[in-house]
Structures are given as structure tokens and as C-alpha cells.
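Accompanying notes for the structure given below.
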Amino acid sequence: MAIKFQDYYETLGVARAATPEDIKLSFRKLARLYHPDVAKNKVAGEAKFKEINEAYEVLSDPEKRRRYDELGANWQENVGGVSTPGRGGRVRTYPPGSEPDFEYDGTGFSDFFESFFGGGRNGFNAYRQSAGRADGDEETFSRQGQDVEADILVTLEEALRGSRRKVTLRRPGSNGEADRTDTYQVRIPPGVSEGQRIRLAGQGGAGLGGGAAGDLYMRVRYAAHPDFRVRGADLYHDIDLAPWEAVLGTSVAVPSFEGPIKVRIPPATNHGAQLRVRRHGLPKGRSGERGDLYVVANIQVPSQLTEKEKSLWEELGRTSQFKPREQS
């Protein structure tokens, strides 16, 4: 079964000429509908959320979007003709021709994404091979199995509170034997950070000559969130403000993982100003201490004016003593 091309523009419901802002707004709208924490059907919501997240990951990154747009109908030729079946990731644990592949269901990304944008063969990196050990006799030669690595998609809510995830590992049988499928409940610990690896001991490549099996490492990747950007343990939320709100000050409701919180916008707030809400970010590892939430002011101006509004703005322009280009 060939890997299916993913139309990321269709997934987000935007045109191919969509601006970065169009893509961001569409993602936020869809993610709020299908996020696993709010979807009425959790299973269907999680599947749809993964599709939306994958599309946004590609189209929100200028370089990935450029590469994706260049694929066209002949995309398989551009990735080396990959057309292998899989369910979320496929890895070759030994050099071609020596041992069978195995498949891992749990990356959170499609085979198409893993084939073209993943870190290795369909998202896996087979990254360590033991040299083996020989004791003077070929029969005593042994080699530890190869460790392998794959991405696993983790929501910010899971990073905050932890969770348990079902991971399925399927190994094709050899010498006419049936495929073997193992299912594990993997613990996502609270405070897990981007790039951290979760280890499944002994679930990598098989050893030779009595050597121990390698390990499977799942590398954490944060799913994009409709409300927050992440830097370390800190969260950033953009809040749109009208010009008069920025000048006069106001109070706004800001989302947090504990529910909406009121944040005071002080008078004379400039575009891009960051207001800190302490200890409403992600955990800092195992310490239990949390990062901060930063509310970033995004001052918007009206694109259409009534005659009365235009008159008021003109009056303000005539009477105001504020001269931004004359400020030192």
C-alpha cells in the first residue's frame, strides 16, 4: 500500500496562497474544536487534532512549506520513491537485507510526514549499533541489538499533568511465522520537556548470538497549541488590543490551564509588551516548580471606519500632543 499524499491546505481549509496569518487563524479555530481536552468524541477528536497539528507544523514553517509546495504530483520521486506501508512509523534496525523492519504506532504523525519531514526512515533514527563481542570462536560472537528512536507527539496538557499512552509495536515474522504485535502503556511523566526521550527497554532491534535487545527511545515533540507558544517552561499568549485599550488600560480574560484568569493591561502599553503571570507555565522538570505565562500585547487597528469614527480619529490627530517620530 503506497503512502498517501497529505493535502495540508485542505486539512486547514485554506487556499495555497494563504498568508501566514490565515494559516494561524485557521489552525487556532480548528484546534479549539478538535483538541482532545474539548472534543465530544475523544478518539475522533484526537485523530483530527493530529492531522491539524501536522498540517500546521508544515505550513507555518516557511522552509517546510516551500519544500512541501515543490512536491507536486511526483512527490515520491523527491523522497526517494518511498512507498512502504506503515502505521505511524517504520524503522530498519539493521542494514538492508539482514533483518526485517518493524513498525511503531505512536508518533502522532502520518507516514507521509515521516517520509519527507521525519528525522530518519519514516521518522525513526537507528542511532546506535553495538560493535559486538568475539571470544576467539565464531560461535561465541554476540552483539547487542540496535537502539532506535522515534518521535511521539505530546500535548501541552500532557506535559503539565502527565498521561498514559498506548503504543503498539509490530514486528514482521520471519521464516513464515506470523507477525507479532505488542501493546504497551507508556507513561508520559508530568514535566516532560521538548526533546526528552522516553525509554522502552529491550524493545529495539534484536541482539545476535545471545546479545541483549536494544532499546526504543521515544523523543517528545510538543503538539502546537491554539493559545500558547512555548519557550522552555514558559508559555506565551498573544492578546489583541484596541488602540484605546492600550492607551487607557483595561482588564482582559486570558486562557490558562487552570481556567481563564484576569490580567490587567496598564495604561500606555506598547505593541509587543510582555506582561508576566507567575507560575502559570509548564513544569520545570521534576522539581514541581512551574514556568511563567507571558501575555504579549498585539495592538490592532480598525480596517474600516464609519464617517463618525473617521471624524473622531481626525480630531484626535489634530489635538493630540503625542508625536512618535519626534520622540528621542
Side-chain angles (χ1 to χ4, degrees), residues 24 27-57 60-61 88 105-109 123 149-167 184-200 216-240 252-264 274-298:
K24 179 179 178 180
F27 165 75
R28 292 176 66 179
K29 178 181 178 181
L30 292 170
R32 288 193 178 104
L33 287 174
Y34 294 105
H35 193 283
D37 280 359
V38 298
K40 294 181 180 179
N41 185 321
K42 299 295 184 183
V43 176
E46 181 178 2
K48 185 66 175 179
F49 180 75
K50 287 178 180 179
E51 294 178 7
I52 295 165
N53 184 85
E54 179 177 312
Y56 184 68
E57 167 126 351
S60 65
D61 183 303
D105 181 9
T107 67
F109 296 95
E149 183 173 298
D151 292 335
I152 185 168
L153 195 65
V154 173
T155 67
L156 298 188
E157 288 81 0
E158 288 178 310
L160 174 63
R161 302 184 178 97
S163 71
R164 287 194 174 274
R165 295 274 293 278
K166 184 172 74 172
V167 170
Y184 307 92
Q185 290 292 330
V186 177
R187 178 176 176 267
I188 309 295
V192 68
S193 59
E194 180 103 53
Q196 183 176 332
R197 297 186 302 167
I198 299 172
R199 176 173 171 252
L200 281 182
L216 170 62
Y217 290 90
M218 291 171 289
R219 184 178 56 247
V220 171
R221 293 182 65 174
Y222 285 159
H225 197 280
D227 294 318
F228 305 115
R229 290 174 283 114
V230 184
R231 293 180 187 171
D234 295 329
L235 300 175
Y236 290 77
H237 174 74
D238 296 323
I239 189 72
D240 291 336
V252 295
V254 173
S256 79
F257 291 129
E258 286 72 35
I261 54 177
K262 278 292 187 69
V263 174
R264 178 177 174 271
Q274 298 181 0
L275 308 172
R276 182 166 65 174
V277 183
R278 295 181 182 274
R279 294 182 294 279
H280 276 73
L282 296 176
K284 296 181 178 179
R286 300 179 181 178
S287 68
E289 182 182 358
R290 289 178 61 176
D292 299 325
L293 167 63
Y294 289 88
V295 180
V296 183
N298 183 24

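Any value given below was found using the heavy atoms of this structure, including those in side chains, with hydrogens, waters and symmetry copies removed. For clarity, every value in this text was computed on a predicted model and none was experimentally measured.
- With sequence neighbours left out, the ring pair (Phe, Tyr, Trp, His ring centres under 6.0 Å) criterion links Y222 to no other residue.
- Atom CZ in F257 sits 7.0 Å away from atom CZ in R161 (nearest 0.5 Å).
- Using a 4.0 Å cut-off between charged side-chain N and carboxylate O, K50 and E54 make no salt bridge.
- Residues L160 and P190 come closest through the heavy atom pair O-CB, 3.7 Å.
- The shortest heavy-atom contact between A233 and P283 is CB-O, 4.0 Å.
- Using a 4.5 Å heavy-atom threshold, the side chains of V186 and M218 count as touching.
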task = Might you work through the side-chain contact (heavy atoms from CB on, under 4.5 Å) test for V254 and V277, ending with a clear yes or no?
result = CA-CA 10 Å; V254 173; V277 183; over 6 Å; no
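- Side-chain contact between R264 and L275: absent, with no pair of heavy atoms (C-beta onward) separated by less than 4.5 Å.
- Here the side chains of R165 and Q185 are not in contact, with every heavy-atom distance at 4.5 Å or above.
- Annotation: the span from L156 atom CG to H35 atom NE2 amounts to 7.0 Å, rounded to 0.5 Å.
- No side-chain donor-acceptor contact under 3.5 Å links R229 to the backbone of D238.
- Between the side chain of R278 and the backbone N or O of D292 there is no donor-acceptor pair closer than 3.5 Å.
- Aromatic rings of Y34 and F49 (six-membered ring for Trp) have centroids beyond the 6.0 Å cut-off, not under it.
- The main-chain N or O of G291 is never found under 3.5 Å from a side-chain atom of D234 such that the two would form a donor-acceptor pair.
- Side chain of R290 to backbone of G281: a donor-acceptor contact under 3.5 angstrom is found.
- The distance from the CD1 atom of I152 to the CD atom of Q196 is 11.5 Å, given to the nearest 0.5 Å.
- Between F27 and Y56, the ring-plane angle classifies as parallel under the 30° and 60° cut-offs.
- A heavy-atom distance below 4.5 Å is not found between the side chains of V296 and I239.
- The two residues R28 and P226 have their closest heavy-atom pair at NE-O, 3.0 Å.
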task = Could you walk me through whether L293 and V263 pass side-chain contact (heavy atoms from CB on, under 4.5 Å), step by step?
result = CA-CA 11 Å; L293 167 63; V263 174; over 6 Å; no
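- For the atom pair CD (E157) and CG (L282), the distance works out to 9.5 Å, reported to the nearest 0.5 Å.
- The structure places CG of L216 at 10.5 Å from CD1 of I198, a figure rounded to the nearest 0.5 Å.
- In plain terms, the two heavy atoms of D227 and H225 that are nearest each other are N-ND1, 3.0 Å.
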